[in-house]
Amino acid sequence: MTEALVILLAGIALAWPLGLYLARLMRGTPMRIDPLFQWIEKPLYRLLGVDPGHAMSWRGYAIAFLASNLVLALPTLAVFMTQAWLPLNPDQVPNLRWDTALHTLVSFLTNTNQQHYSGQAQLSYLSQMTAITGLQVITPMMGLALAVATLRALFARAPDPATGASAAPAPVTVGNYYADVVRLCLRFLLPLCLVWTLLLAWQGVPSTLAAGPQATPIDASAGMATQKIPLGPVAAMVAAKQLGANGGGWYGPNSSFPLENPTPLSNALELVGIVLVPMAVVFMIGAFTGRRRFGALVFGCMLGMSLLSTFGTVWLEGHGASAASPLLMEGKEVRFGADGTALWATLTTQVQNGSVNGMQDSMSPLAGMASLVNMLVGAIWGGIGCGLQQFLVYLMLAVFLAGLMTGRTPELFGRKLETPQVRLLALLVLLQPITLLGMTALTLAIPGLAGISNPGFHGITQVFYEFTSAYANNGSGFEGLADNTVWWNLSCALVLALGRFPVLIVPLAIAAQLAGKRQAPQGAGSLQIETPTFALTLVCVIVVLTVLQFMPALVLGPVADHLGLALQGA
């Protein structure tokens with residue numbers, strides 16, 4: 001429990017100044033560092049053929065986002081399918097199979113990093129450095145750019161009460177997509193990654209372009225005369241995977257592998273890296289929008305849910321009914337123990353990071369359910385950008401429901417939530433259960449598709465977890481699942497896309513619609529959302545939505561699995 005408090009406090013302490021810097025960066029406030037970066041940015045803008053000062057409508061912003069994804073997709077897929085013939089492949093790694101290449105492309109393009117391959121054995125250094133690490137830097141900043149654009153629309157200036165004229169631009173503009181992404185990558189994430197890379201390399205994480213050495217196993221009974229130790233520029237990728245809420249590891253076992261996470265300090269650095277940027281985005285809100293009480297509302301709700309999830313998971317895994325079992329440490333690193341593994345598991349699913357330092361499949365059923373709930377909520381810190389977007393969806397739903405309960409027209413910051421906005425909210429609310437429950441049922445109904453290692457209740461959890469992780473842009477998995485098949489690669493690619501693009505674009509569309517409405521002055525009769533009462537209402541809405549939609553799946557999976565183990569031990 002002490003480790004959990006230290007990590008959360010360290011994350012908050014570092015995220016607060018970082019969030020203030022992020023707010024200044026996205027407001028375009030002049031800073032002393034401008035000349036340092038402009039000499040890089042200006043040639044990039046000329047290469048892209050864009051004017052960074054040109055403000056876009058929400059449609060233009062969304063189209064630019066989708067187009068940039070397409071442009072990144074084509075060369076990335078080409079690298080995966082031709083890596084055997086390209087340079088920087090000292091281990092002679094073959095090309096990826098077409099379905100694995102497609103799934104890997106969609107996975108990293110959606111900032112999910114769900115891996116149906118083992119990185120050190122199936123990807124060349126070039127693939128890891130360009131296609132993988134490159135997307136790990138760019139795609140989270142794409143998501144953050146969409147969230148910033150949504151805030152710009154949501155807090156567009158109100159009409160001037162003296163003239164009745166709108167002080168907001170008409171039509172509503174939300175900034176320049178290309179300028180936002182370039183500034184976020186160059187001035188925010190890349191410098192952070194550089195610092196974290198140096199710290200991790202200092203702790204012994206490999207950072208080399210040389211081929212891995214050959215070693216002679218100590219145990220002759222292993223049946224191997226020599227063993228190749230895979231190396232590579234690992235530190236840079238690990239920094240990007242943690243700071244960008246990515247999660248995809250250089251090695252198949254991810255951060256449970258000693259080379260990717262060699263020391264207690266590297267473990268702490270990677271844990272802080274998981275929560276740092278999502279927390280910084282929350283701290284950005286108040287300074288960026290000028291409504292610090294609103295920023296406090298978001299932070300308070302997320303922190304409360306985070307504390308409940310963190311301490312609940314650690315207790316369920318290391319101190320609950322299953323703690324006395326001699327199998328407790330199966331699938332866990334003895335260096336970190338049950339508490340350290342549970343702490344990582346809960347933070348990585350709260351943030352939609354997806355990296356692991358132990359096997360989620362080996363955790364107790366109820367601790368695994370806590371990870372599932374974190375991903376289903378999607379707004380306990382959440383992924384970079386998409387977590388804030390999901391929180392805004394819950395916020396609007398809570399405003400709508402509070403309006404119904406009080407008999408008033410629901411208003412958010414003086415603008416009415418009406419039928420078009422509620423329909424879009426309903427689309428997002430229904431898309432998640434239809435996708436997850438439908439794909440889980442289909443996979444389990446057709447013999448031979450699931451590839452589960454446990455035909456009982458745990459097998460249901462394995463399948464449901466895989467699709468939930470894909471939809472939540474998380475990427476972690478129950479690794480007893482045989483997931484590198486055509487079915488799993490194609491089905492998860494579809495779920496990955498459904499869980500990424502609507503969640504980012506639909507809230508932007510709703511915010512732009514609200515920005516186009518006349519803002520009514522707030523008075524005594526207006527719904528006050530920046531209060532503890534509304535915060536409690538909002539958290540209750542999140543809990544009720546998750547419980548109502550997914551309780552049957554949770555009961556059939558982890559709850560039944562827990563009861564079965566309890567009866568066996570009785």
Side-chain angles (χ1 to χ4, degrees), residues 112 114 247 274 305-306 308-317 320 322 331 341-356 358-383 386-387 390 394 429 431-441 443-444 450 452-454 456-481 483 492 495-496 498-499 503 542-565:
T112 305
Q114 187 180 56
I274 289 175
M305 292 187 291
S306 176
L308 180 63
S309 172
T310 299
F311 293 113
T313 303
V314 171
W315 185 85
L316 287 168
E317 183 61 29
S322 62
T341 303
L343 173 61
W344 190 300
T346 186
L347 291 181
T348 199
T349 49
Q350 289 174 27
V351 169
Q352 315 303 28
N353 177 281
S355 64
V356 295
M359 295 300 103
Q360 295 275 21
D361 191 51
S362 299
M363 296 184 69
S364 68
L366 294 185
M369 184 178 72
S371 293
L372 269 170
V373 171
N374 290 341
M375 293 188 293
L376 292 171
V377 170
I380 310 175
W381 308 121
C386 56
Q390 184 64 50
Y394 288 129
V429 170
L431 181 62
Q432 186 187 34
I434 290 172
T435 301
L436 297 183
L437 299 178
M439 295 300 291
T440 300
T443 303
L444 291 170
I452 54 179
S453 59
N454 189 320
F457 300 119
H458 193 74
I460 297 175
T461 307
Q462 287 180 323
V463 173
F464 185 54
Y465 193 103
E466 186 75 4
F467 285 124
T468 300
S469 175
Y471 190 91
N473 294 160
N474 182 269
S476 62
F478 271 32
E479 293 308 323
L481 191 71
D483 51 21
C492 283
V495 175
L496 286 162
L498 291 175
V503 170
I542 294 172
V543 172
V544 169
L545 277 176
T546 304
V547 169
L548 287 179
Q549 293 180 120
F550 298 107
M551 180 58 79
L554 296 175
V555 169
L556 286 173
V559 173
D561 194 12
H562 170 76
L563 293 176
L565 291 175

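For the single chain, residues carry numbers from 1 onward in sequence order.
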Using the test side-chain hydrogen bond (donor to acceptor under 3.5 Å, both in side chains), find all partners of [X] that sit at least two apart in sequence or belong to another chain.
{"X": "Gln390", "result": "none"}
{"X": "Tyr471", "result": "none"}
{"X": "Thr435", "result": "none"}
{"X": "Ser355", "result": "Gln242, Trp344, Asn353"}

Roughly how far apart are [X] [atom1] and [Y] [atom2], rounded to 0.5 Å?
{"X": "Thr468", "Y": "Asn374", "atom1": "OG1", "atom2": "CG", "value": "11.5 Å"}
{"X": "Ser453", "Y": "Leu481", "atom1": "OG", "atom2": "CG", "value": "7.5 Å"}
{"X": "Ile434", "Y": "Met439", "atom1": "CD1", "atom2": "CE", "value": "13.0 Å"}
{"X": "Thr349", "Y": "Ile274", "atom1": "OG1", "atom2": "CD1", "value": "9.5 Å"}
{"X": "Thr313", "Y": "Met363", "atom1": "OG1", "atom2": "CE", "value": "6.5 Å"}

Is a side-chain donor-acceptor pair under 3.5 Å present for [Y] with [X]?
{"X": "Thr310", "Y": "Gln350", "answer": "yes"}
{"X": "Ser476", "Y": "Tyr465", "answer": "yes"}
{"X": "Gln462", "Y": "Asn454", "answer": "no"}

Note, Ile542 side chain near Met305 side chain (heavy atom, < 4.5 Å):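 Yes - at least one pair of side-chain heavy atoms lies under 4.5 Å apart.
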
Shortest non-hydrogen contact from [X] to [Y]?
{"X": "Leu431", "Y": "Leu498", "result": "CD2-O, 3.8 Å"}
{"X": "Asn473", "Y": "Gly499", "result": "OD1-O, 3.6 Å"}
{"X": "Leu444", "Y": "Ala450", "result": "CD2-CB, 4.5 Å"}
{"X": "Ser364", "Y": "Glu317", "result": "N-OE1, 2.8 Å"}
{"X": "Gly475", "Y": "Ser469", "result": "N-OG, 2.8 Å"}
{"X": "Gln360", "Y": "Ser371", "result": "OE1-OG, 3.6 Å"}

Under the rule for side-chain contact (heavy atoms from CB on, under 4.5 Å), what residues qualify as partners of [X], not counting sequence neighbours?
{"X": "Val429", "answer": "Leu397, Leu545, Gln549"}
{"X": "Asp561", "answer": "Pro365, Phe457, His458, Leu565"}
{"X": "Gln352", "answer": "Met375, Ala472, Asn474"}
{"X": "Thr461", "answer": "Leu372, Phe478, Pro558"}

Candidate pair Phe464 and Leu376, rule side chain to side chain contact (heavy atoms under 4.5 Å, CB included), full reasoning: CA-CA 11 Å; Phe464 185 54; Leu376 292 171; 4.3 Å; yes

Any donor-acceptor pair under 3.5 Å from Thr348 side chain to Ala345 backbone: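 No; judged by distance alone, with no hydrogens or angles, the pair does not exist.
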
Short side-chain to backbone donor-acceptor contact, Glu466 and Asp483, under 3.5 Å: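 No.
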
Derivation and outcome, side chain to side chain contact (heavy atoms under 4.5 Å, CB included), residues Leu554 and Val373: CA-CA 9 Å; Leu554 296 175; Val373 171; 4.1 Å; yes

Set of residues satisfying ring-ring contact (aromatic ring centres under 6.0 Å, His included) with respect to Phe467, sequence neighbours excluded: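 Residues passing ring-ring contact (aromatic ring centres under 6.0 Å, His included) with Phe467: Trp488.
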
Pair Leu436-Phe550, side chain to side chain contact (heavy atoms under 4.5 Å, CB included): steps then yes or no: CA-CA 9 Å; Leu436 297 183; Phe550 298 107; 4.1 Å; yes

